[in-house]
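Read through the structure below, which is laid out as structure tokens, and then see the notes.
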Amino acid sequence: MSSHKIGFVSLGCPKALVDSERILTELRGGGYELSDSYAGADLVVVNTCGFIDEARQESLDAIGEALAENGKVIVTGCLGANVSEILERHPSVLAVTGPHAYAEVVAAVQKHLPPPPAREHDPYVDLLPPQGLRLTPPHYAYLKISEGCNHRCSFCIIPSMRGDLVSRPIGEVLTEAEALVDAGVRELLVISQDTSAYGVDVKYRTGFHGGRPLRTDLLNLSRALGELGVWVRLHYVYPYPHVDALIPLMADGLLLPYLDVPLQHASPHILKAMRRPAHVENTLERIHSWRGICPDLAIRSTFIVGFPGETEADFEALLEFLDQAQLDRVGCFAYSPVAGAAANALPGAVPEEIKRERLARFMEKQAAISARRLQDKIGRTIEVLVDEVGDEGVIARSYADAPEIDGVVHLTDAEGVAVGDVLLVEVEDADEHDLYAVPQLG
């Protein structure tokens with residue numbers, strides 16, 4: 001009899017990771033076992049990313065590897081929205097579905113690997129935790145509050161892959177959050193394509209949780225999440241005016257004082273070409289106002305250099321913005337065309353050597369800013385969450401550090417601590433990316 005084991009490869013962003021968790025939960029609940037190797041699996045599911053060319057190539061390579069090592073492969077995820085691209089490269093895949101197509105993936109698995117026969121229920125084997133299977137460590141979890149996006153940025157094809165904004169019911173989100181906390185999660189990372197637009201699609205209608213009416217918007221959701229007694233971190237927050245109301249919650253300790261704000265550029269000319277909000281002065285005013293209310297606020301963002309039509313003056317405006325905004329963490333990418341994006345038709349392509357040069361200048365300036373802001377924390381006492389305990393030491397994160405994308409806090413003299421512990425530590429040193437600290441006694 002077949003062992004009914006599924007191999008799984010999950011690529012891309014945290015939103016895709018949540019999709020993988022959902023699919024794995026449904027498969028496990030249907031009686032399938034999970035394999036940690038190609039050789040031990042009867043079939044492999046590859047959850048792909050298709051946002052930029054490098055991600056598309058990584059996904060296509062992963063499909064090829066799974067086919068070579070196993071032979072039976074089902075493809076899902078963002079790249080799956082372009083079926084022809086996958087089948088042209090890998091015609092032997094068993095099935096292709098788009099993103100967040102949970103039922104279709106499960107149906108494809110059942111078609112090509114029929115579920116095992118029913119057997120007597122064994123609670124030690126069959127019982128899934130109420131929050132489902134997770135691919136993150138036990139002490140933190142991603143909480144996806146909506147799917148899709150209503151923006152039509154010229155460089156992005158996410159709406160064509162994941163559709164328009166669809167907000168989850170606020171009661172459903174809070175029930176999942178409570179289950180995660182009950183399971184031992186110490187940090188909830190709130191994610192979506194556009195977190196600050198939560199509730200727009202349903203006109204902020206009233207939902208219910210525990211018999212309590214709640215307006216479906218980010219402020220009410222954040223307040224309720226803040227009452228759970230764990231770290232709550234917000235990602236992908238566009239700087240809409242109503243975001244201002246979240247900052248007092250951060251100052252009061254209900255939310256981590258951390259905002260991930262995807263700004264992309266600072267030149268009004270380039271922002272218009274990107275189809276992004278172009279009120280740079282308002283954004284700077286808002287950042288300064290936020291820090292006036294919550295001085296410890298950490299802000300990270302992402303930018304694109306070398307966008308079509310970007311002049312040296314546009315780039316200098318971006319560097320000037322960095323000087324004025326003093327962002328804590330920044331990621332930057334040299335523009336590359338994405339198949340299907342409107343930006344491909346824009347004039348004024350920037351030569352590759354200029355893109356690389358601007359990227360290097362950008363990162364050099366921001367590295368100095370980030371290093372100064374970390375140096376300012378030396379001598380301070382901060383709260384950290386422990387991520388790793390090993391022979392080489394203890395690694396933790398502060399409120400300013402999202403997992404896998406920001407820096408870490410290296411701890412010394414930290415005997416007896418465990419993964420998931422929340423500690424007060426004193427910062428003794430810093431470099432361009434990380435802090436070095438010792439736990440406070442008592």
Side-chain angles (χ1 to χ4, degrees), residues 11-13 16 48-65 77-79 81-82 84-86 88-89 149 151-161 193 236 260-278 280 300-323 325 327 329-371 404-406 432-433:
L11 303 172
C13 65
T48 59
C49 179
F51 181 48
I52 59 176
D53 286 347
E54 290 84 352
R56 299 169 83 90
Q57 188 59 52
E58 180 187 19
S59 294
L60 289 169
D61 290 346
I63 296 168
E65 179 181 344
C78 287
L79 188 61
N82 190 344
S84 60
E85 180 178 4
I86 295 171
E88 180 179 343
R89 178 79 170 268
C149 182
H151 295 286
R152 294 298 183 266
C153 302
S154 63
F155 56 83
C156 182
I157 57 172
I158 292 296
S160 67
M161 295 186 292
Q193 296 298 143
Y236 315 117
D260 176 4
V261 186
L263 296 172
Q264 307 301 355
H265 214 280
S267 163
H269 163 236
I270 296 301
L271 287 169
K272 182 177 181 180
M274 289 179 168
R275 301 179 187 168
R276 303 280 292 182
V280 177
R300 80 159 285 114
S301 190
T302 52
F303 294 88
I304 299 172
V305 297
F307 193 79
E310 183 189 64
T311 64
E312 180 63 23
D314 292 322
F315 180 68
E316 289 289 344
L318 177 55
L319 296 183
E320 176 63 22
F321 177 86
L322 292 182
D323 279 331
L327 304 175
R329 306 284 192 184
V330 166
C332 187
F333 305 90
Y335 172 78
S336 62
V338 175
N344 297 343
L346 293 175
V350 178
E352 290 299 321
E353 61 272 18
I354 295 179
K355 290 181 189 178
R356 292 193 295 269
E357 184 264 344
R358 288 177 181 171
L359 178 61
R361 288 164 60 194
F362 179 101
M363 294 309 299
E364 181 180 9
K365 175 175 281 291
Q366 180 57 42
I369 293 170
S370 296
E404 300 185 359
I405 58 173
D406 293 323
E432 284 189 359
H433 304 287

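Please read all numbers here as calculations on a predicted model, not as lab measurements.
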**Report entry** His265 side-chain N/O to Ser267 backbone N/O, donor-acceptor pair under 3.5 Å
**Finding:** yes

Query raised in the report: Who pairs with His433 by ring-ring contact (aromatic ring centres under 6.0 Å, His included), at least two apart in sequence or on another chain?
Result: none

Query - Counterpart residues, salt bridge (Lys or Arg N to Asp or Glu O under 4.0 Å), relative to Glu85 (two or more places apart) - result: Arg56

Query raised in the report: Looking only at heavy atoms, which two atoms of Glu310 and Gly306 are closest? And how far apart?
Result: OE1-N, 2.7 Å

Report summary line: On a heavy-atom basis, the closest approach of Cys49 and Gly12 is CB-CA, 3.7 Å

Query - Criterion side-chain contact (heavy atoms from CB on, under 4.5 Å) on Ile63 and Arg89, from CA distance to verdict - result: CA-CA 9 Å; Ile63 296 168; Arg89 178 79 170 268; over 6 Å; no

Query - Partners meeting salt bridge (Lys or Arg N to Asp or Glu O under 4.0 Å) with Glu316 (sequence neighbours left out) - result: Arg361

Query raised in the report: So do the side chains of Asp323 and Lys365 get within less than 4.5 Å of each other, counting heavy atoms only?
Result: yes

**Report entry** Residue pairs, two or more places apart or on separate chains, that pass salt bridge (charged side-chain N to carboxylate O under 4.0 Å, His left out) and touch residues 333-351
**Finding:** none

Report task. Mind checking ring-ring contact (aromatic ring centres under 6.0 Å, His included) for Tyr236 and listing every partner two or more places apart, or none if nothing turns up? Result -> none

Report task. Check salt bridge (Lys or Arg N to Asp or Glu O under 4.0 Å) between Asp314 and all other residues, then give those that pass, not counting sequence neighbours. Result -> none

**Report entry** Minimum side-chain heavy-atom gap Phe303-Leu327 below 4.5 Å
**Finding:** yes

Query raised in the report: Do Asp260 and Arg329 sit within salt-bridge range, that is, some charged N less than 4.0 Å from a carboxylate O?
Result: no

Report task. Under the side-chain contact (heavy atoms from CB on, under 4.5 Å) rule, what do Arg300 and Val330 come out as? Steps first, then yes or no, please. Result -> CA-CA 5 Å; Arg300 80 159 285 114; Val330 166; over 6 Å; no

Query - Glu353, CD: over 12 other non-hydrogen atoms inside 6.0 angstrom - result: yes

Requested in this report: Using the test salt bridge (Lys or Arg N to Asp or Glu O under 4.0 Å), find all partners of Glu364 that sit at least two apart in sequence or belong to another chain.
Outcome: none

Report summary line: Across all chains, not counting sequence neighbours, the ring-ring contact (aromatic ring centres under 6.0 Å, His included) partners of Phe155 are none

Report task. Please list, chain by chain and in numerical order, all residues satisfying side chain to side chain contact (heavy atoms under 4.5 Å, CB included) with Ser154, sequence neighbours excluded. Result -> Met274, Arg275, Phe307, Ala342, Ala343, Leu346

Query - Side chains of Arg358 and Leu318 in contact at under 4.5 Å (non-hydrogen atoms) - result: no

Query raised in the report: Looking only at heavy atoms, which two atoms of Ala62 and Leu11 are closest? And how far apart?
Result: CB-CD1, 3.8 Å

Query raised in the report: Got more than 12 heavy atoms from elsewhere within 6.0 Å of CD, Glu88?
Result: no

Do any side-chain atoms of residues 332-339 form donor-acceptor pairs under 3.5 angstrom with protein atoms, and if so which ones, sequence neighbours left out?
from, atom 1, to, atom 2, distance (Å)
Tyr335, OH, Asn344, OD1, 3.4

**Report entry** Between SG on residue Cys156 and CD1 on residue Ile304, distance to nearest 0.5 Å
**Finding:** 9.0 Å

**Report entry** Derivation of the side-chain contact (heavy atoms from CB on, under 4.5 Å) call for Cys153 and Arg276
**Finding:** CA-CA 6 Å; Cys153 302; Arg276 303 280 292 182; 3.3 Å; yes

**Report entry** Pairwise side-chain contact, Arg152 with Pro159, heavy-atom cut-off 4.5 Å (strictly under)
**Finding:** yes

Query raised in the report: Restricting to pairs with a member in residues 336-351, which pass salt bridge (charged side-chain N to carboxylate O under 4.0 Å, His left out), not counting sequence neighbours?
Result: none

**Report entry** Non-hydrogen atoms of Pro308 and Pro347 that approach each other most closely
**Finding:** CB-O, 3.6 Å

Requested in this report: Would you please name every residue forming a ring-ring contact (aromatic ring centres under 6.0 Å, His included) with Phe321, sequence neighbours left out?
Outcome: none

Query - Under 3.5 Å donor-acceptor, Thr48 side chain and Leu79 backbone - result: yes

